[in-house]
Asks: 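Provided herewith is a single structure, encoded as structure tokens, for subsequent inquiry.
Basis for what follows: all heavy atoms, side chains included, without hydrogens, waters or symmetry-related copies.
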Amino acid sequence: MSRLLGAELIKLRTTRTFYALAGAAIGISLLITILVASLEEPTKDSVVTDVFQNDASTLFIMILAIVGITGEWRHRTITSSLLAAPDRILFLTAKTLAFAAAGALLSIAISISIGIVGYAILEFRDQVTPELGEVVEQFARNAGVAALLGAFGVGVGSLVRNQPTAIVAILIVAFVVDPVLGNLVPEVDRYSPVGALPSAIQGLNADDVGTPDVDFLAVLPAIAAMLAWIGAMFAGGAALLRSRDVE
């Protein structure tokens with residue numbers, strides 16, 4: 001298993017797509033942090049959420065995970081991958097763990113960047129700054145969510161193997177379906193794996209994300225619900241992978 005995981009991590013870090021999406025995530029996170037820290041006057045209670053929570057890794061790692069797994073079929077490398085790792089469940093497990101690790105590492109890189117920039121700008125403007133422990137806790141929550149969404153993205157891509165379809169579908173769910181559910185069926189939206197659950201784990205409240213009617217779960221139940229989503233997607237993807245021939 002360690003050999004498979006190592007191979008997946010090597011494959012991940014040697015692709016241009018990873019660096020392109022990682023660079024975009026870091027750039028967007030920094031831009032938002034710079035604008036908020038420069039223009040807003042956060043309070044002691046809101047400064048962590050306003051300035052240090054601007055981590056775009058969650059969306060980008062989910063897309064990267066979808067690209068990573070669907071690319072095996074798009075570029076017809078799935079056959080050679082499975083020849084090297086005949087156990088298809090272990091292959092999918094290695095993919096899932098690799099993108100979970102990549103999500104956490106990307107989030108940590110973003111956290112270091114926005115932490116340095118955020119503190120520097122707030123200090124320069126003589127604005128309130130949070131305790132380091134509060135910021136570290138927020139960064140840990142962000143990294144955990146990025147890891148979970150990396151694993152979730154692999155599950156999505158293992159079920160929807162057409163790469164453009166999978167990416168468009170997850171974007172529609174995240175930016176169209178989820179907000180609609182949050183306003184029309186909030187009792188359902190609280191279990192959304194791309195909306196309420198990640199927000200709950202990050203310690204946000206419903207007003208912060210524009211769905212004031214949604215009653216977020218507590219952190220531990222939200223983590224359990226996310227793991228249930230990942231497990232269900234993994235099971236479905238594994239069943240398809242085992243039952244279908246590859247070319």
Side-chain angles (χ1 to χ4, degrees), residues 5 8 21 25 29 49 53-70 89 92-108 110-111 136-160 166-167 169-182 185-211 213-240:
L5 180 57
E8 290 298 330
L21 290 177
S29 300
T49 301
Q53 198 277 322
N54 302 304
D55 184 345
S57 65
T58 51
L59 174 63
F60 281 91
I61 193 59
M62 193 161 46
I63 293 175
L64 184 62
I66 291 172
V67 170
I69 184 68
T70 57
I89 303 302
L92 190 58
T93 300
K95 280 278 188 191
T96 302
L97 293 176
F99 281 99
L105 291 174
L106 176 58
S107 180
I108 291 170
I110 289 174
S111 294
V136 170
E137 179 185 350
Q138 184 63 63
F139 288 166
R141 289 173 181 262
N142 293 346
V145 168
L148 291 169
L149 287 177
F152 180 77
V154 173
V156 172
S158 66
L159 288 173
V160 185
I167 294 172
I170 203 66
L171 291 176
I172 290 174
V173 170
F175 293 108
V176 179
V177 176
D178 191 73
V180 170
L181 287 177
V185 198
E187 63 274 14
V188 173
D189 188 63
R190 72 192 305 230
Y191 299 103
S192 167
V194 295
L197 292 178
S199 296
I201 297 169
Q202 287 175 304
L204 302 177
N205 59 56
D207 290 329
D208 293 331
V209 295
T211 54
D213 296 327
V214 179
D215 183 17
F216 284 176
L217 297 174
V219 174
L220 290 180
I223 293 173
M226 275 300 302
L227 290 174
W229 271 107
I230 293 168
M233 302 295 281
F234 181 91
L240 285 177

Asks: Just verifying a value: how many Å separate F139 CZ and D55 CG, rounded to the nearest 0.5 Å?
Replies: 8.5 Å
Asks: Return the minimal non-hydrogen interatomic distance between A174 and P179, and the atom names on each side.
Replies: O-CD, 3.6 Å
Asks: For L159 and L240, run side-chain contact (heavy atoms from CB on, under 4.5 Å): C-alpha distance rounded to whole Å, both residues' side-chain angles, the deciding distance at 0.1 Å, then the answer.
Replies: CA-CA 7 Å; L159 288 173; L240 285 177; 3.8 Å; yes
Asks: Looking only at heavy atoms, which two atoms of S192 and P198 are closest? And how far apart?
Replies: O-CD, 3.6 Å
Asks: Just by distance, do the side chain of S29 and the backbone of A56 share a donor-acceptor pair under 3.5 Å?
Replies: yes
Asks: So do the side chains of L227 and L148 get within less than 4.5 Å of each other, counting heavy atoms only?
Replies: yes
Asks: How many angstroms lie between CD1 in I230 and CG in L149, if you round to the nearest 0.5 Å?
Replies: 7.5 Å
Asks: Taking Q138 for its side chain and Q202 for its backbone only, find out whether a donor-acceptor pair lies under 3.5 Å.
Replies: yes
Asks: Which pair of heavy atoms, one from G68 and one from F99, lies closest together, and at what distance?
Replies: CA-CZ, 3.7 Å
Asks: Could you measure the distance from the CD1 atom of I170 to the CZ atom of F175? Nearest 0.5 Å is fine.
Replies: 10.5 Å
Asks: Give me the atom names and distance for the closest heavy-atom approach of A200 to V219.
Replies: O-CG2, 3.8 Å
Asks: Determine whether a donor-acceptor pair (N or O, by modelled atom type, separation under 3.5 Å) exists between the side chain of W229 and the backbone of V194.
Replies: no
Asks: With a 3.5 Å distance limit and no angle check, can you tell me whether R190 reaches the backbone of V214 through a side-chain donor-acceptor pair?
Replies: no
Asks: Enter the distance from D178:CG to I172:CD1 here, rounded to the nearest 0.5 Å.
Replies: 13.5 Å
Asks: So, N142 versus S107: side-chain donor-acceptor pair below 3.5 Å or not?
Replies: no
Asks: Under a 4.5 Å cut-off applied to non-hydrogen side-chain atoms, are L92 and S158 in contact?
Replies: yes
Asks: Between A196 and F216, what is the shortest heavy-atom contact and its length?
Replies: CB-CE2, 3.6 Å
Asks: Working to the nearest 0.5 Å, report the span between CG of L197 and CG of D189.
Replies: 9.0 Å
Asks: Any non-hydrogen side-chain atom of L59 less than 4.5 Å from a side-chain atom of L171?
Replies: yes
Asks: If you measure from CG on L64 to CD1 on I167, what distance do you get to the nearest 0.5 Å?
Replies: 9.5 Å
Asks: Taking all non-hydrogen atoms of both residues, which atom of G157 and which atom of I66 are closest, and how far apart?
Replies: N-CG1, 4.3 Å
Asks: Which residues satisfy the side-chain hydrogen bond (donor to acceptor under 3.5 Å, both in side chains) test with N54, sequence neighbours excluded?
Replies: none
Asks: Could you go step by step and tell me if I89 and F234 meet the side-chain contact (heavy atoms from CB on, under 4.5 Å) rule?
Replies: CA-CA 9 Å; I89 303 302; F234 181 91; 4.2 Å; yes
